[in-house]
Amino acid sequence: MAYLSDPKETIAVLQRYHFSFQKKFGQNFLIDAHVLDKITDAAGVTSDDVVLEIGPGIGTMTQVLCERAKEVIAVEIDRNLIPILREDTCREYSNLTVINNDVLKTDIAALARERGGRPLKVVANLPYYITTPIVMGLLEKHIPVDNITVMVQREVAERMQAGPGSKDYGALSLAVQYYAETYIAAYVPPNCFMPRPNVGSAVIRLTLRDKPAVQVKDEKKLFAVIRAAFSQRRKTLVNGLANSDEVSCTKEEAAAILAELGLPEAVRGEALTLGQFAAISDKLPE
Ligand code: SAM
């Protein structure tokens, strides 16, 4: 069995299939065995797990996952990669299902249901151009998932993990932390990929909470408040709420809510915790 974590093997496969990288699909293949171990270790993949791999590429991580997990479902958009996976690099793995589809159009809940509804582990070196829709889709649709352990752009991992007061803190931090606990497992430099990306990368694990971090009367309203707070970052929260099309409240009403919660009238969203956003959202007029 030839492992693709050896860059010579990756080059041999690419040449055998005259494969050319498609920039539009965010194709940067891993070529570092140590990083593969870091991701699968962080995900805690065991022989009981069903793993969903998003974007298997030529199968570099798929090989490791198939050897560790009970079953692997790999969803890949680029049809040129399918014969490589099925007939070559992963042909020996009977526990692998390769699906040629756009992951954003794949019914992942149905895949989990067909396997008895046990929570999946999602593991991926993500295509960076659609990191947020993929991750938020998995979180918001309440798909049974144990953890999502993914390689993303370093800056995105830092935004997901950031807390109040940090320059990286924003709507993405709050949305992710509402559903999951975050842990950055590794920082990964460009030379671990072929071709090398222009940005640094990081492996982040999102462990899904049994229930959201805060309880609110209306989840949609909470996220509308968060968007209003960060859509105009340098404005005060009072102005952000009063100017928002999604939240119906006047400047005076917003100021009164902040006063009730003991918050300064000039406070900005970047200083507020998820709990404070929840309290504001619950006090807004219907
Ligand atoms: N897992 C491989 C590795 O680590 O070497 C490849 C990772 S590469 C960063 C991202 C992969 O996602 C590519 O194989 C790309 O074709 C695939 N991809 C891009 N957009 C996709 C989508 N919408 N649905 C499924 N796969 C996608």
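In this text, all values refer to a predicted model and were calculated from it rather than measured experimentally. Ligands are counted one by one from 1 in listed order, and the atoms in each one are counted from 1 as well.
Side-chain contact of N101 with T106: a donor-acceptor pair under 3.5 Å is present, judged by distance alone. In this model, a donor atom of one side chain and an acceptor atom of the other lie less than 3.5 Å apart for E67 and Y3.
Of the possible donor and acceptor atoms, one in the side chain of R209 sits under 3.5 Å from a partner among the backbone N and O of A180.
Every side chain to side chain contact (heavy atoms under 4.5 Å, CB included) that R113 has, sequence neighbours left out, goes to D107, A109, A110. Applying the salt bridge (Lys or Arg N to Asp or Glu O under 4.0 Å) criterion to E246, with sequence neighbours excluded, gives R227.
Listed by first and then second residue, the side-chain hydrogen bond (donor to acceptor under 3.5 Å, both in side chains) pairs involving residues 124-144 are Y128-S201 (not counting sequence neighbours).
Ligand 1 lies under 4.0 Å from heavy atoms of F25, G26, Q27, N28, F29, L30, E53, G55, P56, G57, T60, V75, E76, I77, D78, L81, N101, D102, V103, N125, L126, P127, Y129, I130.
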